[in-house]
Protein chains: 2
Amino acid sequence: MNERRSEHVRTGNGTPAYRRIATELWDEIQAGQLAPGVRLPNEGDLAARFGVTRLTLRQAVIELQRLGAVEIRRGVGTFVMAPPDLVEIVASVPPARQESDATADAFDEHALRRSARPVRAVDELILSSGTATGPLADEASGHLGMPSDQLHRLDTVMVRDGRRWIANSYWFHARWAGVADLVAEHSLVVRAFTDGYGLPLGYLWRAFSAIGADFDDAETLGVPTGTALLVRDGVSAGVTGEPVFYVRRRLRGDEAKFVLRYDTERVPVEG
Amino acid sequence: MNERRSEHVRTGNGTPAYRRIATELWDEIQAGQLAPGVRLPNEGDLAARFGVTRLTLRQAVIELQRLGAVEIRRGVGTFVMAPPDLVEIVASVPPARQESDATADAFDEHALRRSARPVRAVDELILSSGTATGPLADEASGHLGMPSDQLHRLDTVMVRDGRRWIANSYWFHARWAGVADLVAEHSLVVRAFTDGYGLPLGYLWRAFSAIGADFDDAETLGVPTGTALLVRDGVSAGVTGEPVFYVRRRLRGDEAKFVLRYDTERVPVEG
DNA sequence: AAGTGGTCTAGACCACAAA
DNA sequence: TTGTGGTCTAGACCACTTG
């Protein structure tokens with residue numbers, strides 16, 4: 001009889017060592033035996049404890065890092081992570097009027113709620129500004145209904161208290177290329193459009209997806225390559241409904257959450 | 001002078017070999033020189049070409065896998081991935097009435113649009129059903145306003161055409177524990193509530209975030225541990241507004257996208 | 001049977017952070 | 001300076017897929 005396979009035990013005997021180690025540590029963390037903030041033994045000692053090479057042990061620890069269970073600090077040690085402190089970006093449905101920048105505002109409010117001392121507001125810094133190329137330019141071109149050779153691309157990062165929270169890429173018609181010069185004055189790209197140019201904006205649509213951080217986003221946000229990011233993209237338009245820009249924001253998935261509240265009426269059935 | 005550091009070249013000399021290799025292959029893929037579907041040379045040959053050990057080469061390839069650039073098939077080879085075929089789950093704002101299960105429906109429609117032949121509808125299979133424990137049970141308890149010892153947990157996976165698309169976890173009052181027996185008949189958990197129990201449901205709120213796949217989700221969805229997943233959770237309630245269940249869905253982030261269309265009126269300013 | 005990726009060892013040296 | 005994690009080698013054997 002073939003009785004060996006098809007067992008659903010998570011730490012079976014056919015399971016590789018690094019996976020056994022990772023699940024064992026994971027379970028200890030979930031159970032609270034390894035409390036948040038605790039430093040794990042160094043990799044050499046852990047490897048000895050589990051009877052494997054440091055390289056194998058490391059494979060397990062890196063997997064835990066990607067699950068958000070531990071934080072590895074080079075030259076210092078590996079620490080059990082605390083449950084993430086979620087920033088909730090709330091939008092009511094139907095939407096309330098007159099928000100300045102829902103994302104930036106939510107990060108501001110969140111900082112205010114958990115600090116008695118005054119905190120600095122979110123600031124948007126320009127990383128690069130130039131012509132749009134690559135596959136994403138074609139996508140933006142489609143969303144905006146403009147040929148991609150007329151598009152300008154603006155890359156920024158939103159910063160608060162010295163930490164980089166959100167990577168943003170904007171695509172818009174080259175006639176607006178000057179916004180880049182107004183961002184410093186108005187703190188945020190959106191305000192550079194609305195206040196700097198006097199151009200009222202509204203959503204046409206917003207969307208949510210998730211990706212692993214590529215090399216650029218990983219560097220911008222200070223996370224390991226492949227970290228799960230929440231992507232929020234969408235098109236904003238002027239009062240007459242003509243698209244102005246397509247924006248694609250990337251946030252660390254474990255520390256931000258977009259919430260839609262259905263306040264006014266009940267919406268039948270879903271799962 | 002110290003001129004070596006602080007260059008922003010992506011393939012500088014201080015960069016580890018595996019990272020240089022990964023960025024080089026990544027750039028070739030982005031530029032289309034390595035077209036989707038193409039099989040890369042085997043790891044031994046690639047390692048020789050880059051002058052590194054197979055282990056080092058492998059570190060680069062695995063990083064590309066996490067970025068969704070390549071697909072590694074054991075015993076077969078490593079292939080450049082095609083741009084993902086996104087399933088768009090669209091909700092209009094304000095919402096339209098009478099959807100049965102927006103998520104499942106979107107996957108059905110998507111399959112219909114790209115296949116001349118009839119396709120099977122999404123089906124929901126029960127993975128486990130039992131009492132609720134762990135940190136997520138406490139969260140569910142808070143969302144529902146019920147003590148966690150009165151909660152029942154139901155884990156399912158949505159399947160279509162033999163592929164597992166969405167991992168779901170439901171928490172609800174133990175009085176509804178019987179839904180598990182109605183799911184097979186009604187295909188979907190939501191329909192087991194609405195049709196089986198005659199209980200109309202509506203959203204209270206929905207939220208979006210992102211996480212790396214943990215061991216269970218990775219197995220359920222057939223993806224590597226740590227893969228970026230889109231999380232859509234929320235609370236549904238009955239007609240009188242009392243919460244019925246909290247649900248937490250996990251989808252592969254690269255193949256699903258939630259879209260909110262603001263059809264009726266413009267919503268002022270955002271970014 | 002042949003070819004592919006998956007795991008692992010034993011050891012080495014390097015880069016970084018804190019004392 | 002010490003201790004931590006980060007990278008890399010050269011080789012071995014195993015597991016899976018396909019013919």
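Within every chain, numbering begins at 1; the chains are lettered A, B, ... in the order of the sequence lines, protein sequences first and strands thereafter.
- Side-chain contact between B:Val231 and B:Phe208: absent, with no pair of heavy atoms (C-beta onward) separated by less than 4.5 Å.
- Atom CZ of A:Arg73 and atom C1' of D:dG3 are 15 Å apart (whole Å).
- Take the nearest nucleotide of DNA chain C for A:Val52 and for A:Gly75: the residue whose nucleotide is more 5' is A:Val52.
- Here C:dC14 presents its P atom at 21 Å from CZ of B:Arg19, a figure rounded to the nearest Å.
- Considering only side-chain N and O atoms, B:Tyr18 lies under 4.0 angstrom from the phosphate OP1 or OP2 of D:dT7.
- Here C:dG5 presents its P atom at 9 Å from CG of B:Leu57, a figure rounded to the nearest Å.
- Proximity of B:Thr53 to the phosphate of D:dG11: no side-chain N or O atom is located under 4.0 Å from OP1 or OP2.
- Among the nucleotides C:dG5, C:dA18, D:dA10, the one closest to any side-chain atom of B:Leu55 is D:dA10.
- Remark: C1' of C:dT7 and CZ of B:Arg74 are 8 Å apart, rounded to the nearest angstrom.
- Remark: B:Arg19 fails to qualify as a cation-pi partner of A:Phe215 under the 6.0 Å distance and 45° angle criteria applied to the six-membered ring.
- You'll find a donor-acceptor pair under 3.5 Å spanning the side chain of B:Arg54 and the base of C:dG6, going by distance alone.
- In this structure, the CD1 atom of A:Ile72 is 15 Å from the C1' atom of C:dA15, given to the nearest Å.
- Listed candidates were C:dT4, C:dA15, C:dC8. Nearest to the side chain of B:Arg39 is C:dT4.
- A salt bridge links A:Asp254 with A:Arg252; the closest basic N to acidic carboxylate O contact falls under 4.0 Å.
- Rounded to an integer number of Å, the gap from A:Glu43 CD to D:dC8 C1' is 15 Å.
- For C:dT4, the OP1/OP2 oxygens have no side-chain nitrogen or oxygen of B:Thr78 closer than 4.0 Å.
- Side-chain contact annotation: B:Ser209 with B:Arg232, donor-acceptor N/O pair under 3.5 Å absent.
- Rounded to whole Å, the distance from CZ on B:Arg58 to C1' on C:dT4 is 11 Å.
- Of the candidates C:dA17, C:dC8, D:dC8, C:dC8 carries the atom nearest the A:Pro16 side chain, counting heavy atoms from C-beta on.
- OP1 or OP2 of D:dT9 lies within a sub-4.0 Å distance of a side-chain N or O belonging to B:Thr56.
- Within the 4.0 Å cut-off from OP1 or OP2 of D:dT4, at least one side-chain nitrogen or oxygen of A:Asn42 is found.
- Nucleotide D:dC8 holds its P atom 11 Å from the CD atom of B:Glu63, rounded to whole Å.
- In this structure, the ring of A:Tyr170 has its center no less than 6.0 angstrom from the ring center of A:Tyr246.
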